[in-house]
Amino acid sequence: MMNLPRLGVNIDHVATLRNARGENYPSPVKAAKICEEFGADGITAHLREDRRHIKDEDIFELKANISLPLNFEMAPTLEMLDIALKVKPNACCIVPEKREEVTTEGGIDVKKNHNLLHTIIPKLKQSGIKVSLFVDADEEQIIASKDIQADIVEIHAGEFCRKIENSHDFEDNLERIKKASQLADNLGLEVHIGHGITFDSIVELAKIPEVKEFNIGHFIIAEAIFSGLGETVSKLKVLIKENRDS
Ligand code: PXP
């Protein structure tokens with residue numbers, strides 16, 4: 001059987017929805033279990049510095065309650081390193097973080113963050129955690145990722161995916177992603193792709209032979225509204241009827 005790329009599902013926005021009402025539902029762990037049941041290969045969660053979606057306890061509960069590999073997205077800070085060493089996820093994906101951004105805007109500048117990464121990466125690896133760096137499709141960043149001994153690069157596909165969604169010319173972006181994937185693979189880095197992926201963009205990205213994993217979040221949770229909305233309304237109608245009649 002062909003060696004297919006894995007699908008990691010990012011469940012951050014289940015927590016966004018929960019936090020919007022301050023209730024204890026929808027549960028990220030319940031969502032992760034459904035993803036597992038339906039063939040996801042991994043669960044990704046990003047504990048942001050401002051805890052706007054995933055909270056510390058979510059990360060520990062995910063690790064304790066799911067059997068899929070957990071990919072812990074984190075900023076390169078000593079606080080996050082400390083949490084990662086306690087959680088012991090399968091992998092850590094190190095991402096740049098700005099407080100005011102709506103979502104991760106670009107890849108990490110590996111050279112600019114050299115000192116922090118040089119402290120953090122060996123500690124994660126010694127603890128048996130694979131280290132992934134979220135980088136732009138840029139030759140210098142890929143080479144710097146190899147030099148600093150990352151195991152994986154996750155290539156930022158945000159701009160490419162947005163162009164597809166808006167029917168703009170995406171060929172240059174796609175070419176850059178393909179070249180970066182080849183280079184990373186040649187250097188012995190495992191290639192992942194993430195950010196902004198949708199049904200339309202996965203059609204192109206799935207063709208890149210070097211890619212071993214996709215990480216997709218916002219679109220899956222958004223699309224799940226439409227797959228589940230009808231069923232939920234029907235179920236409520238049944239409950240109203242059954243209980244009025246009884
Ligand atoms: N990969 C990384 C490194 C990310 O930071 C994110 C966003 O948190 C994702 C994947 C998922 O992106 P999206 O929610 O746009 O699918």
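Reckoned from all heavy atoms, side chains included, excluding hydrogens, waters and symmetry mates. Both ligands and their constituent atoms are indexed starting at 1 by order of listing.
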message: Given Met74, Glu73, Glu97, identify the one with the heavy atom nearest to atom 8 (O) of ligand 1.
response: Glu73
query: How far is atom 14 (O) of ligand 1 from its nearest protein heavy atom, and which residue and atom is that?
result: His218 N, 2.8 Å
- prompt: Going from CG on Leu17 to OG on Ser27, what distance comes out if it is rounded to the nearest 0.5 angstrom?
  reply: 12.0 Å
message: My understanding is that a hydrophobic cluster links ILVMFWY residues whose side chain heavy atoms are under 4.5 Å apart, including indirect links. Using that, what else belongs to the cluster containing Val95?
response: Phe134
- request: Could you list the atoms of ligand 1 found under 4.0 angstrom from a heavy atom of Ile216?
  value: 16 (O)
query: Looking at ligand 1, does any of its N/O atoms fall within less than 3.5 Å of an N/O of Gly196?
result: yes
- prompt: If you count the non-hydrogen atoms of other residues, nucleotides and ligands that lie under 6.0 Å from CD in Glu140, is the total more than 12?
  reply: no
task: Write out the residue and atom name of the closest protein heavy atom to atom 7 (C) of ligand 1, then the distance separating them to 0.1 Å.
output: His195 CD2, 3.7 Å
query: Between Ile152 and Ile43, is there a shared hydrophobic cluster once you connect ILVMFWY residues whose side-chain heavy atoms come closer than 4.5 Å?
result: no
statement: The single option from His218, His46, His156 that satisfies ring pair (Phe, Tyr, Trp, His ring centres under 6.0 Å) with His195 is His156
query: Can you list the steps and then say if Glu139 with Leu183 is a side chain to side chain contact (heavy atoms under 4.5 Å, CB included)?
result: CA-CA 7 Å; Glu139 189 177 323; Leu183 173 64; 3.5 Å; yes
field: Val95 neighbourhood, listing ligand 1 atoms whose heavy-atom distance to it stays under 4.0 Å
entry: 3 (C)
- request: Could you tell me whether Glu154 and ligand 1 have an N or O pair separated by under 3.5 Å?
  value: yes
task: Give the residue, atom name and distance (to 0.1 Å) of the protein heavy atom nearest atom 16 (O) of ligand 1.
output: Gly217 N, 2.7 Å
